[in-house]
Visitor: 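Attaching a single structure in structure tokens format; questions to follow.
Residues: numbered from 1 along the sequence shown. We use all heavy atoms of the structure for the numbers below, so side chains are in, but hydrogens, waters and symmetry mates are not. This one's a predicted model, so the numbers in the text were calculated from it and none came from an experiment.
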Amino acid sequence: MGLGGCIILIAVGAILTFATDWDMQGVNLDLVGVIFMVVGLIGVATFSSIARRRRVVMPPSTPVVEDRPHHHPTQDGYHNGYGA
């Protein structure tokens with residue numbers, strides 16, 4: 001159940017508890033509404049704790065640069081890469 005489902009549960013529970021005056025034999029709609037709201041709040045708390053764990057940002061790793069000695073060939077005509 002996502003965050004939207006939890007909010008819907010809270011809204012339906014609040015409507016059943018505070019906005020209706022229906023009487024059903026054997027069912028207490030006020031209690032059902034309170035249960036929906038509690039389950040929705042538990043879902044929101046669970047969702048937010050899971051989302052907080054996913055949001056952990058790792059610092060970017062710095063690239064390792066190796067310092068290699070550069071070979072500078074001489075330009076005297078004999079050692080320019082075309083002959084020995």
Visitor: Search all heavy atoms of W22 against all heavy atoms of L16 and return the closest pair with its distance.
Guide: CZ3-CD2, 4.5 Å
Visitor: As an exercise, state the distance from CZ of F36 to CD1 of I8, rounded to the nearest 0.5 Å.
Guide: 12.0 Å
Visitor: Any donor-acceptor pair under 3.5 Å linking the side chain of S49 with the backbone of T46?
Guide: yes
Visitor: What I'd like to find out is whether the side chain of M37 reaches to under 4.5 Å of the side chain of L9, using heavy atoms alone.
Guide: no
Visitor: Between atom OG1 of T17 and atom CG of L29, what is the distance when rounded to the nearest 0.5 Å?
Guide: 9.0 Å
Visitor: So if I apply the side-chain contact (heavy atoms from CB on, under 4.5 Å) rule between I10 and each of I15, V44, V38, which one comes out positive?
Guide: V44
Visitor: Same cluster or not: V12 versus L31, using hydrophobic residues (I, L, V, M, F, W, Y) connected whenever any side-chain heavy atoms lie under 4.5 Å apart?
Guide: yes
Visitor: Just how far is it from atom CD1 of I50 to atom CG of L3, taken to the nearest 0.5 Å?
Guide: 11.5 Å
